[in-house]
Amino acid sequence: MLPYAAYKVYQKRKENQREMEEALGSLTSNLSRSIIPDQVVMKIQRVSAKLSEEGDDYIPGTLSIVEKAQGVFIEWSPYEEGMDSGWVIPGENGQEESIRASPPSLSPNNTHSGDVYSKLRFSLDVNDLSSFKNVEPRRKDKGMHYIRLICKDGTSYVPLYFQNGETTSFFTVLQRYITLRRSAKDPTLVVVADTKAEALAQSVSALDQNGDILSRLMKNPYSTAMTGFSKITSFMQDQVIPALLDSDEVSQEEKIRAMRELRLKDEDHQLRVHSDAGGEFEVVTQLELPPRPDIFRESPVTKTLWDSFKLPDGTFDQQKLHHLKMNVFRGGLSEDLRKEAWKYLLDYKDWFESTATFEKKKAILTEEYNRMKSQWQSITTDQESRFFKYSKRKGLVEKDVARTDRTVPYFRGDENPNLKVLQDMLMTYVMYNFDLGYVQGMSDFAAPILYVMNDEIDAFWCFVGLMQRIQPNFEKDQANIKLQMNQLKDLLVIVNPKLANYLEAHQSDDMYFCFRWVLVWFKREFSFSDTCKLWEVIWTGQPCPNFLLLLCVAILDSQTTIIIDNKFGLTEILKHVNDLSGHLNLDEVLTSAEAIFHQLSASQDKLPLHIREYLNFSRDENAASTP
Amino acid sequence: MTAAPYNYSYIFKYIIIGDMGVGKSCLLHQFTEKKFLSDCPHTIGVEFGTRIIEVSGQKIKLQIWDTAGQERFRAVTRSYYRGAAGALMVYDITRRSTYNHLSSWLTDARNLTNPNTVIFLIGNKSDLEGQRDVPYEEAKAFADENGLTFLECSAKTGENVEDSFLETARKIYQNIMDGSLDLNAADTGVQPKQTLSRNSGQTPEKKDCNC
């Protein structure tokens, strides 16, 4: 606990400053507003924002609830900047107490700490609050209680950790202004109750007593499927309930008519879906997957373990290769092994190629690289002026290299030589594959490879190996991206039909909000080092093709309650998914994706054909056993 | 004062479009954070920014969709136009090719938004006068021909950035006031927000109706 007197002084200064800002602000706005002074209803110290899932960068600050003329606001601000060396305050008994108030240490993923710092400050109208995650530590002595506020527009604020554990008083005060309710489906989600919806729920139940409308409504032939049920509820919440509530004069008769129309609409919709999907719809929606198994991540594969799979000539034992790949899949690679292992995972080095053979191949590839590099390097400015297709590609590469992973120390600083290497690599790739050229997203893949290889030529050929697999994502028609979006939706229908249906009812079933995930393989969602861990797991090709899509399914699945209980629409879903960046736990995502794979695998004989194909489940047992 | 602690009466959706590397994200950052980040990562898909501004005494929350510029991703970015009240169409005054593509961006903006969407043309990088490739007069003529408001800006120095975003909002607000933008129509990109009174628990006063 901090000495009260010291805080008093600090707060006073802060308040004065704020008052001045307010006063200035209100001068320019409606004058009458400034008559009512702001009232700080509560203030909680030592509420820290956590910058990202990875690491322990907590930024201490103050959380308060303020009544203003314009409404009631939840505000959080970091402690004053510029206290880099920690904040030492004389304690009551003379001893000194210190709080870390400095910006977080510069891990590879944080720069512009000042920017980040001030950007985190927020002031949120309680009426814009839709819900919040309220996560208590599993054990009292370990971890801190945190909340994450989620707005009606889909914005998620940074998680706020209560160092003093004073959450109860915060909730109590908040309840004066809004009604809070714990989500029935997710105990860590607290939803701001919509007074309108509440009232309607009551009026519907009153209605139900008289006419038994509700039970008839639910009795349509397809509503046994979970999907149908969710559609009815979401439609009712979004359209019917507000419509009924908005007019007080609505007679009982009209209410009943509205409910009937709703039922008809829903049946129509169900029939449409049904006929679209052919005979498979029933099977699909009624399929119940076995419970999700508990999966644990293992420790990274070490150099010693890796080498134990090698034969004396440097090749890998074919019998054990699958086992090795599964090890990498379950634990990733230790950092010192990456440089070697990625060459195999990216098809630069062949698993069954001896060290001597590879050296010979490498000599040829080196020459090949230098030849292609000199091709573009020999183009003069004069030539360039009449070679638009080339100069256009060059311009694109230059633009993106200057802004790829610049916060990572390896690429930081304007005169950083690694930027030129990255530029050369990508330009040479343009010569290697001129028709495809440079497409945004490629630099996102090239940078981590260069970082790990730390060698231009090795990095280039690893990049070529990777591009071999993902080139379709960069093609002009974008057909492969659309295909993956469709596959993702199909998988979600099986794994989480409720969410799949919700997305469909909210014009989001094109899954475009997952575009970034699929194009750059979560590069923008995880930190640089987590991205490396994730990619090597995917590159093993285990346990099935399209594991990337199962990762997407796992993340979406974890957001189901948030999306549905907040009644997010198209924009909010997109915004929410964007805001997940930096706040996903890689191990959790990997384990749940793997668990989902096991669920699907266990019921593969019941899965529709196309799903089995996505995941490469053998179509029938006999076919698999025939040579 | 990053987040102005004020309630607002409307939400306007903006979309920023234009070729890759013209400075769309930088304009957004300059507007929302008053900072220039030269190495801000290229946008994949879409990113969001918000800021509350004031027009004629009304607080308006701008929800700005910043899109990826490369031609190849237009199939995806086109899905973001719907329901935009304002479209900021950006080119780079030092690269003529980005100016030459404006007609195709304009076609998209016109086809994929509603007739009342305010389209604002921005010639970015006005700080690089020495490298100018597109004369002001030429772009001005293009803007006049197509009925667009036009300003040259610099995301780096901040010159005219504020004005572009605010002027667009003023035009949208004007359209609401004179009735040409019907708030009840679908996909206008304007969302009236009911201002809530300080006394909680009561029915929110509907400030925006019949005024």
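Each chain gets a letter, A, B and so on, in the order the sequences are listed, and its residues count up from 1.
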**Request:** Assess the pair B/Tyr14 and B/Trp65: is the distance between their ring centroids shorter than 6.0 Å?
**Result:** no

**Region of A/Leu124 that comes under 4.5 Å of a non-hydrogen atom in chain B** = neither

**Complete:** Whatever's closer than 4.5 Å to a heavy atom in chain B on A/Asn578 counts as side chain

**Item:** B/Arg51 NZ/CZ over B/Phe165 ring centroid, <6.0 Å and within 45° of normal
**Value:** no

**Among A/Leu519, A/Thr404, A/Thr155, A/Val439, residue most engaged with chain B (heavy-atom pairs, under 4.5 Å)** = A/Val439

**Asked** Should the pair B/Lys24-B/Asp66 be classified as a salt bridge under the 4.0 Å nitrogen-to-oxygen rule?
**Response** no

**Request:** Answer yes if the side chains of B/Gln70 and B/Asp19 hold a donor-acceptor pair under 3.5 Å, and no otherwise.
**Result:** no

**Message:** Closer than 4.0 angstrom, basic N to acidic O: yes or no for B/Arg170 and B/Asp163?
**Reply:** no

**Prompt:** Does the pair A/Arg412/A/Asp405 count as a salt bridge with the N-to-O cut at 4.0 Å?
**Reply:** no

**Item:** A/Phe515 portion near chain B, given a 4.5 angstrom heavy-atom threshold
**Value:** side chain

**Asked** What part of B/Lys61 is in contact with chain A, defined as an atom under 4.5 angstrom from a non-hydrogen atom: side chain, backbone, both or neither?
**Response** side chain

**Side chain, backbone, both or neither of A/Lys482 within contact of chain B (heavy atoms, under 4.5 Å)** = side chain

**Asked** Where on A/Ser581 is there a heavy atom nearer than 4.5 Å to chain B: the side chain, the backbone, both, or neither?
**Response** neither

**Request:** Output yes when A/Arg516 and A/Glu525 qualify as a salt bridge under the 4.0 Å nitrogen-oxygen rule, no when they do not.
**Result:** yes

**Item:** Proximity breakdown for A/Tyr438 and chain B, heavy-atom pairs closer than 4.5 Å
**Value:** both

**N-O pairing of B/Glu71 and B/Arg74 below 4.0 Å** = yes

**Request:** Sort A/Gln440 into side chain, backbone, both or neither according to what part of it lies under 4.5 angstrom from a heavy atom of chain B.
**Result:** both

**Which atoms of A/Lys399 approach chain B - backbone, side chain, both or neither, heavy atom under 4.5 Å** = side chain

**Basic-acidic side-chain contact under 4.0 Å: A/Lys152, A/Glu572** = no

**Item:** chain B contact via A/Glu475 - side chain, backbone, both or neither, heavy atoms under 4.5 Å
**Value:** backbone

**Prompt:** Where does A/Val520 contact chain B at under 4.5 Å (heavy atoms): side chain, backbone, both or neither?
**Reply:** side chain

**Asked** For B/Glu47, is it the side chain, the backbone, both, or neither that has a heavy atom closer than 4.5 Å to a heavy atom of chain A?
**Response** both

